[in-house]
Amino acid sequence: EVYLVESGGGLAQAGGSLRLSCAASGFPVDDYAIGWFRQAPGKEREGVGCLISTDGSTYVADSVKGRFTISTDNAKKTLYLQMTRLKPEDTAIYYCAAALPTAVCMAMIRPGWYDYWGQGTQVTVSS
């Protein structure tokens, strides 16, 4: 069975940093696209970034470019979202998701591409 478990969320001050983790099991992480998404209250789920291990490609959305970085430790089957220079508008529930890569990372930034989802972790950024 596929499991994705996010952790590392919490409260941060504006300008601060957090690192989210996504522990994956039940599927070959190396062969999948892993996406990070977030959803703020009253808003649609938004793609934050994507990583495909098979071709080493990564993509982050313009809204977080230069502040957020996606990485992976395939040996640990864990993916990371390093968030720096946090802003109050980064406040949201953050999710990781997995899918077989059927397009380049930049194209797989929409939630509908993904089959498996974690339960989410709350990130709150205070001003």
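Scope of the values below: all heavy atoms of this structure, side chains included, with no hydrogens, waters or symmetry mates. Residue numbers start at 1 and run along the sequence shown.
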Trainee: Grouping I, L, V, M, F, W and Y whenever their side-chain heavy atoms are under 4.5 Å apart, do I93 and L20 come out in a common cluster?
Mentor: no
Trainee: Between V60 and V48, does a side-chain contact (heavy atoms from CB on, under 4.5 Å) hold up when you go through it step by step?
Mentor: CA-CA 6 Å; V60 290; V48 175; 5.8 Å; no
Trainee: Which distance, rounded to the nearest 0.5 Å, do you find between the CG of L18 and the OG1 of T84?
Mentor: 10.5 Å
Trainee: Using a 6.0 Å cut-off, check whether atom CD of Q122 has over 12 heavy atoms from anything other than its own residue.
Mentor: yes
Trainee: Return the set of residues passing side-chain hydrogen bond (donor to acceptor under 3.5 Å, both in side chains) with Q39 (not counting sequence neighbours), or none when no residue passes.
Mentor: R45
Trainee: Taking only distance into account, with no hydrogens and no angle test, what donor-acceptor pairs under 3.5 Å do side-chain atoms of residues 98-111 form with protein atoms, sequence neighbours excluded?
Mentor:
none

Trainee: Regarding R38 and Y94, do their side chains bring together a donor and an acceptor under 3.5 Å, going by distance alone?
Mentor: yes
Trainee: Can you tell me which residue pairs pass the side-chain hydrogen bond (donor to acceptor under 3.5 Å, both in side chains) test with a partner in residues 20-30, sequence neighbours excluded?
Mentor: D30-N74
Trainee: Would you say V123 and T91 make side-chain contact, with heavy atoms under 4.5 Å?
Mentor: no
Trainee: Looking at side-chain heavy atoms only, is the closest gap between T54 and D31 below 4.5 Å?
Mentor: yes
Trainee: For the side chain to side chain contact (heavy atoms under 4.5 Å, CB included) test, which of L51, T72, I52, T69 pairs with T58?
Mentor: L51
Trainee: To the nearest 0.5 angstrom, please state how far the OG1 atom of T78 sits from the CG atom of L4.
Mentor: 10.5 Å
Trainee: Group every Ile, Leu, Val, Met, Phe, Trp and Tyr by side-chain heavy-atom contacts under 4.5 Å, then state whether I34 and Y95 land in the same group.
Mentor: no
Trainee: Would you check, one step at a time, whether the test side-chain contact (heavy atoms from CB on, under 4.5 Å) holds for F68 with L81?
Mentor: CA-CA 7 Å; F68 291 11; L81 180 66; 4.2 Å; yes
Trainee: In the hydrophobic clustering (ILVMFWY, side-chain contacts below 4.5 Å, transitive), which residues join L11, or is it alone?
Mentor: none
Trainee: What's the shortest heavy-atom distance between P88 and S127, and which atoms?
Mentor: CG-CB, 3.8 Å
Trainee: Check for a donor-acceptor pair, side chain of E6 on one end and backbone N or O of G120 on the other, with a separation under 3.5 Å.
Mentor: yes
Trainee: Considering only heavy atoms from C-beta outward, does the side chain of S17 approach that of Q82 to under 4.5 Å?
Mentor: yes
Trainee: Go through the structure and list residues passing ring-ring contact (aromatic ring centres under 6.0 Å, His included) with Y59, not counting sequence neighbours.
Mentor: none
Trainee: Could you tell me which residues satisfy side-chain hydrogen bond (donor to acceptor under 3.5 Å, both in side chains) with D55, sequence neighbours excluded, listed by chain and number?
Mentor: S57
Trainee: Partners of K76 by side-chain hydrogen bond (donor to acceptor under 3.5 Å, both in side chains), sequence neighbours excluded?
Mentor: none
Trainee: Looking at residues at least two apart in the chain, or sitting in another chain, which of them share a ring-ring contact (aromatic ring centres under 6.0 Å, His included) with Y114?
Mentor: F37
Trainee: Going by the rule salt bridge (charged side-chain N to carboxylate O under 4.0 Å, His left out), which residues pair with K77 if we only count those two or more places apart in sequence or in a different chain?
Mentor: none
Trainee: Partners of S63 by side-chain hydrogen bond (donor to acceptor under 3.5 Å, both in side chains), sequence neighbours excluded?
Mentor: E46
Trainee: Tell me, please, which residues at least two apart from R67 pass salt bridge (charged side-chain N to carboxylate O under 4.0 Å, His left out).
Mentor: D90
Trainee: Could you walk me through whether Q119 and V5 pass the side-chain contact (heavy atoms from CB on, under 4.5 Å) test, one step at a time?
Mentor: CA-CA 7 Å; Q119 82 290 347; V5 181; 4.2 Å; yes
Trainee: Donor-acceptor check, side chain of T121 to backbone of G9, threshold 3.5 angstrom: yes or no?
Mentor: yes
Trainee: Taking all non-hydrogen atoms of both residues, which atom of A92 and which atom of A40 are closest, and how far apart?
Mentor: CB-N, 3.8 Å
Trainee: First locate atom SG of C96, then atom OH of Y116, and finally report the distance between them rounded to the nearest 0.5 Å.
Mentor: 14.0 Å
Trainee: Please list, chain by chain and in numerical order, all residues satisfying ring-ring contact (aromatic ring centres under 6.0 Å, His included) with Y32, sequence neighbours excluded.
Mentor: F27
